[in-house]
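Step one of this worksheet: look at the structure below.
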Amino acid sequence: MTSAGSQAVPPRIKSTSPLTLFTGAVLAFIIGCGLVFIYFFNPSTHGFYPVCLFHQLTGLNCPGCGATRALYAMVHGHVLTALHDNALFILSLAGGTIWGAHFLLQKRKNPAARLHLSTKFVWAYLAVAILFSILRNLPAFSFLSP
């Protein structure tokens with residue numbers, strides 16, 4: 001307890017730990033290398049990219065089919081091509097980027113902020129991915145297929 005004449009001392013603000021900075025730098029480096037790799041090697045012409053086993057076994061498109069080609073189109077600035085190759089991936093990438101930027105801003109204001117993803121959101125996203133998979137394999141929605 002404090003007496004009437006004394007003042008409460010505010011808590012010390014922790015600085016960002018070196019491990020956090022190192023982890024962020026390594027993650028940024030890995031993502032940057034991956035984007036440079038995708039930029040120079042077209043998935044449509046280079047055969048070393050992994051193939052979709054679901055598509056290979058069933059002939060149907062899964063929610064991820066076309067994501068590598070979509071990313072290739074995005075790093076070249078071809079947004080409409082990227083959306084055609086995999087709209088779910090591109091919209092998820094945009095949403096994830098916005099969500100990540102929002103989290104970083106919250107983290108700057110409150111260093112104790114934690115990354116939280118609600119269970120309802122995860123189930124809703126899973127439902128959207130399943131619906132996307134079903135629709136992109138129907139003739140009426142062939143525009144969703146890569």
Side-chain angles (χ1 to χ4, degrees), residues 1 8-146:
M1 275 191 124
V9 178
R12 284 185 64 135
I13 297 175
K14 288 185 177 179
S15 62
T16 306
S17 74
L19 181 60
T20 303
L21 292 174
F22 177 74
T23 304
V26 169
L27 184 61
F29 178 75
I30 290 170
I31 290 171
C33 287
L35 289 175
V36 167
F37 189 81
I38 289 283
Y39 184 86
F40 287 109
F41 297 102
N42 185 345
S44 298
T45 58
H46 290 83
F48 50 78
Y49 288 101
V51 296
C52 177
L53 295 177
F54 181 80
H55 182 72
Q56 198 172 22
L57 293 172
T58 65
L60 300 172
N61 291 313
C62 76
C65 282
T68 309
R69 288 174 292 205
L71 187 57
Y72 176 81
M74 278 302 292
V75 297
H76 284 89
H78 305 294
V79 178
L80 293 177
T81 303
L83 285 169
H84 175 268
D85 286 338
N86 193 320
L88 180 65
F89 174 72
I90 295 301
L91 295 175
S92 297
L93 194 62
T97 301
I98 292 168
W99 183 60
H102 175 73
F103 171 71
L104 289 176
L105 290 174
Q106 292 301 320
K107 192 77 171 163
R108 286 194 67 170
K109 291 178 187 175
N110 177 13
R114 297 281 179 222
L115 198 57
H116 176 71
L117 199 57
S118 75
T119 307
K120 288 180 182 179
F121 175 80
V122 172
W123 282 108
Y125 186 80
L126 182 62
V128 167
I130 290 170
L131 180 64
F132 179 72
S133 292
I134 293 169
L135 290 178
R136 74 189 319 209
N137 288 295
L138 297 175
F141 295 93
S142 61
F143 62 92
L144 293 173
S145 289

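We number each residue from 1, following the sequence as shown.
- Within the 4.5 Å cutoff, the side chain of T81 has no heavy atoms near those of the H84 side chain.
- No more than 12 heavy-atom neighbours from other residues, nucleotides or ligands sit within 6.0 angstrom of CZ on F40.
- Within a 6.0 Å sphere centred on CZ of F37, heavy atoms belonging to other residues, nucleotides or ligands number more than 12.
- Annotation for A70 and F89: closest pair CB-CD2, 4.2 Å, computed over non-hydrogen atoms.
- Residues H55 and L60 approach most closely at ND1-O, 3.0 Å, considering heavy atoms.
- For the atom pair CZ (R108) and CG (L104), the distance works out to 9.5 Å, reported to the nearest 0.5 Å.
- Atom-to-atom distance recorded for L71:CG and L93:CG is 7.0 Å, nearest 0.5 angstrom.
- A distance-only check finds no donor-acceptor pair linking the side chain of R136 to the backbone of S145 [under 3.5 Å].
- Put simply, the side chain of Y125 does not reach to within 4.5 Å of the side chain of V122, judged on heavy atoms.
- In this structure, CZ in R69 is found 9.0 Å from CG in N86, a value given to the nearest 0.5 Å.
- With P63 as reference, L88 is the one residue of L88, I130, L126 to meet the side-chain contact (heavy atoms from CB on, under 4.5 Å) rule.
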### Task
Output, in order, the C-alpha distance, side-chain angles, deciding distance and verdict of side-chain contact (heavy atoms from CB on, under 4.5 Å) for L105 and H102.
CA-CA 5 Å; L105 290 174; H102 175 73; 5.6 Å; no
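- Here the CG-CG distance, from D85 to L83, works out to 9.0 Å after rounding to the nearest 0.5 Å.
- Atoms NZ and CZ, on K107 and R114 in that order, are 5.0 Å from each other to the nearest 0.5 Å.
- The two residues N42 and S44 have their closest heavy-atom pair at OD1-N, 2.8 Å.
- Side chains of L117 and W99 form a contact here, defined as non-hydrogen atoms less than 4.5 Å apart.
- N137 places a side-chain N or O within 3.5 Å of a backbone atom of N61 that can act as its donor or acceptor partner.
- Atom OH of Y49 sits about 7.5 Å away from atom OG1 of T68, to the nearest 0.5 Å.
- Heavy atoms only, all atoms of each residue included: C62 and C52 are closest at SG-SG, 3.6 Å.
- Atom CG of L80 has 12 or fewer heavy atoms from other residues, nucleotides or ligands within 6.0 Å.
- Under the ring-ring contact (aromatic ring centres under 6.0 Å, His included) criterion, H76 pairs with Y39, Y72, not counting sequence neighbours.
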